[in-house]
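Reading through the structure tokens given below for one structure.
Treat the numbers as computed from the prediction; the structure is a model and nothing was measured. Below, chain A is the first sequence line, B the second, and so on; all start at residue 1.
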Amino acid sequence: MDYILETRQITKRFGRTLAVDHVDMHIKKGDIYGLIGKNGAGKTTLMRMMLSLCFPTSGEIYMFGERIDGRSDMRVGSLIEAPGIYKNFTAYENLKTFCVLYGINTGVIDPILKIVGLENTGSKKAGQFSLGMKQRLGIAISLLAEPQLIILDEPVNGLDPAGIKDIRDLIITLNREKGVTFIISSHLLDELSKMVTKYGIINNGCLVEELDAEEMEQRGSHHMIFTTSDPLRAADLIAGLIPPQDIAINGDRLFINEHLNESARFNKLLVENGIWVSSLELKSESAEDYFMRVTGGSR
Amino acid sequence: MKELLAFEFRKLWRSKPFWICTIVGVILNIVSVILTYATTNIANSLAGADGAIPGISSYSGIKFLRQTAAGGNQVILFAIFVTLFICADFSEGTIKNILSRGFSRELLFVSKSITIMTGGLILGILCMASAFVTGSIIFGVGDEFDSQLVISLLLQLLGLLAYVMLDVFLAVLFTKAGGAMTLGIILPLIVPLIAQLIDVALTHLISSLEYGDEIVVNYLISSNLGTISSIKCTGTDFAFAAILFTVYILLFSILGLIIMKRKEV
């Protein structure tokens, strides 16, 4: 399998603290990879190592098929932590300065400013920008030189709901139309779930799991709850159709794990056997609930 | 490398600290010459015609030109603009946009050093020029022009570059302008004092030395700048200063490069 980015047993230690612990990550071309984890889980450190901003204590990183050794690649755009911008320059001057550095034509500046919604900032210095505007400018810089891989650390920090949607739409458009691969970390799991194709769950420096978006949906537990007049008899009836371990009783409520698509059939069975069903609830664990469960606690 | 240099120079030309320090340096030199004129006039008027105080005729544009670098004003100005210029990339996080795009730390350090040295030369030359022009207008150009003057001035600029590279090293080491600037200002002030103390101690410990002998002081940038700005300077003094300044520049460059290579941002 060809990966656009791959880490092999990557480890980072700060003194006695193990920030990243033998992480094997695999990002395919065209992925929108959501890196999720609690504060201090090691997401930013991992991203900084991918970009050669800090050095791994051990392990290897492969980018575009080649091992990177203290030096990243021009094909990678990024926004890590606070956006790196010159506060005494305007948005245009900031992009122009980085165009000079990246050796590209300044003709790309206006379209990019329009994409991120900063086309009307004129002579306003970046130091006077709001947090959201600075974030947009940081994203604009990451888009320069047509990167094939963009690494974004909490990209929607400080953005209003409209701004969050703009950035999400931009990421999806660049991914679908230009095949740009994204690695995005965020605390907003609901927001991530609207665009991510693959998840990496990191906890205490360890990559707990890598899974596709569909898998993530399926991993959450699903169950239905019948409130009935006779839960014991109801359980006996349904036990003839599904494994008994999927059934539990609590008071007048009957819990059935999974089998959500058979809820109508179970309901009919109970009614036909004279058991009144006063309510039926279907419950699914969200990606966030699953994340909380595997990382074991609050964020 | 070409892109990095273009990038750094673009920032230098737009750097407020650089232009403010340069303007302040020029003003300081102009004021210094005017002050010399004023104090000499007052002293002469107080001493009368037969007074032993140096007269206006002992000053000239060339004399001020020769002594500008040894004055020490530039050292403080360098510490301010160099540390602010280099530390800005660290404090504003813009260095992430450079390193994450595949530019090596070594090339980044070299391009920053070249840019800063150019800025330092501009500042130093403009300070010298302002002192020369003001001095020439007030006291006359003077007739001490010879080939030694050119060598002295070139070596003085080399000495100033050694200070610049000290500040570059401190900026890369600390990455915070406050600490780097403080040390950049304090070290050139305090090191000569410590060196003098060591020399005094050495004369007590080593019987072959006499009071007033300079051992450690001889290896300082400041004392060598003073020596080569003197009219009595010899070819040996020039050669020694040239070697010493080059060694300092190389030393600070290598140290800065080693630190930059390991720097995590």
Side-chain angles (χ1 to χ4, degrees), chain A residues 12 14 19 44-45 47-57 63-64 66 68-90 93-104 126-127 134 137-138 140-142 144-145 147 149-153, chain B residues 1-21 80-81 83-112 114-115 118-119 172 175-177 257-265:
Chain A
K12 179 67 180 177
F14 294 108
T44 303
T45 305
M47 288 178 150
R48 285 170 63 218
M49 284 192 286
M50 291 172 187
L51 293 162
S52 301
L53 299 178
C54 69
F55 308 109
T57 308
M63 198 180 268
F64 303 107
E66 287 179 20
I68 58 164
D69 192 13
R71 199 167 166 178
S72 186
D73 196 294
M74 181 56 90
R75 291 170 286 178
V76 187
S78 64
L79 172 61
I80 300 292
E81 295 170 318
I85 53 177
Y86 293 107
K87 290 174 186 152
N88 57 331
F89 287 3
T90 64
E93 286 169 344
N94 261 287
L95 291 187
K96 192 172 177 183
T97 304
F98 285 107
C99 279
V100 170
L101 177 66
Y102 301 157
I104 55 172
K134 285 177 184 166
L137 183 54
I141 293 167
S142 76
L144 288 172
L149 169 65
I150 299 181
I151 299 176
L152 303 172
D153 185 18
Chain B
M1 186 66 185
K2 194 179 73 180
E3 286 88 2
L4 272 170
L5 280 173
F7 172 72
E8 293 295 341
F9 273 104
R10 182 180 158 78
K11 286 190 297 173
L12 179 70
W13 305 140
R14 286 163 177 73
S15 164
K16 277 184 192 168
F18 169 62
W19 291 114
I20 289 171
C21 286
I80 296 169
F81 108 79
T83 54
L84 285 176
F85 183 82
I86 291 187
C87 294
D89 270 331
F90 290 96
S91 59
E92 293 179 1
T94 41
I95 196 161
K96 291 182 287 188
N97 300 335
I98 305 169
L99 297 178
S100 67
R101 291 286 187 145
F103 293 99
S104 75
R105 285 166 166 78
E106 293 90 333
L107 282 183
L108 179 61
F109 179 82
V110 171
S111 64
K112 278 192 184 299
I114 292 172
T115 311
T118 308
V172 171
T175 67
K176 298 262 191 302
L257 197 61
I258 290 168
I259 289 165
M260 186 71 179
K261 211 175 164 187
R262 295 174 180 180
K263 191 61 94 185
E264 298 194 331
V265 296

Student check: side-chain heavy atoms of A:V100 and B:F9 closer than 4.5 Å: no
Side chain to side chain, B:F7 and A:Y102, heavy atoms closer than 4.5 Å: no
Heavy-atom contact with chain B under 4.5 Å, split by part of [X]:
| X | value |
| --- | --- |
| A:N88 | side chain |
| A:I85 | backbone |
| A:Y86 | both |

Sorted by number, residues from residues 258-265 of chain B in contact with chain A (heavy atoms, under 4.5 Å): B:K261, B:R262, B:K263, B:E264, B:V265
Per-residue contacts, residues 97-108 of chain B versus chain A, heavy atoms under 4.5 Å: B:N97, B:I98, B:L99, B:S100, B:R101, B:G102, B:F103, B:S104, B:R105
Side chain B:K96, main chain A:I80, donor-acceptor under 3.5 Å: yes
Among the listed options B:E3, B:R10, B:E8, the residue most often paired with chain A at heavy-atom distances under 4.5 Å: B:R10
Selection from A:I151, A:T97, A:L51 maximising heavy-atom pairs under 4.5 Å formed with chain B: A:T97
Leading residue by heavy atom contact count with chain B [cutoff under 4.5 Å; candidates A:R75, A:K87, A:E93, A:K96]: A:K96
